[in-house]
Amino acid sequence: MQLSDVETATPAQLAPVLLAAIQRLGQLGREGGVALAALLEDDDGDFDEGASWVEDAAVGGLRD
């Protein structure tokens, strides 16, 4: 998937890309977290919402 495709990606298309990106950030450790934080703007509601869903998934929520 190209970065330009993210805006129109379906959940099924986006989820595997997001999973791979989050896993890679985990491998990079703090350096990866700092790089992500540098891109964030204050009061980014879309990011906050997305991060909340990722957190729910990480603790085993959202399972069918």
For the backbone of Q2 and the side chain of D5, can you confirm whether one donor and one acceptor N or O come within less than 3.5 Å of each other?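 A pair under 3.5 Å: yes.
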When rounded to the nearest 0.5 angstrom, what distance separates CZ in F47 from CG in L39? 9.5 Å
Enclosure of D48 CG (heavy-atom neighbours >12, cutoff 6.0 Å):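 Enclosed.
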Same hydrophobic cluster for L3 and M1, using side-chain heavy-atom links shorter than 4.5 Å among ILVMFWY? yes
Could you pull out all donor-acceptor pairs under 3.5 Å where a side-chain atom in residues 12-28 meets a protein atom, sequence neighbours excluded?
unit_1: Q13; atom_1: OE1; unit_2: T10; atom_2: N; d: 2.8
unit_1: Q13; atom_1: OE1; unit_2: T10; atom_2: OG1; d: 3.3
unit_1: R24; atom_1: NH1; unit_2: Q27; atom_2: OE1; d: 3.0

My understanding is that only residues two or more places apart in sequence, or in another chain, count here; which of them pass side chain to side chain contact (heavy atoms under 4.5 Å, CB included) with T8? none
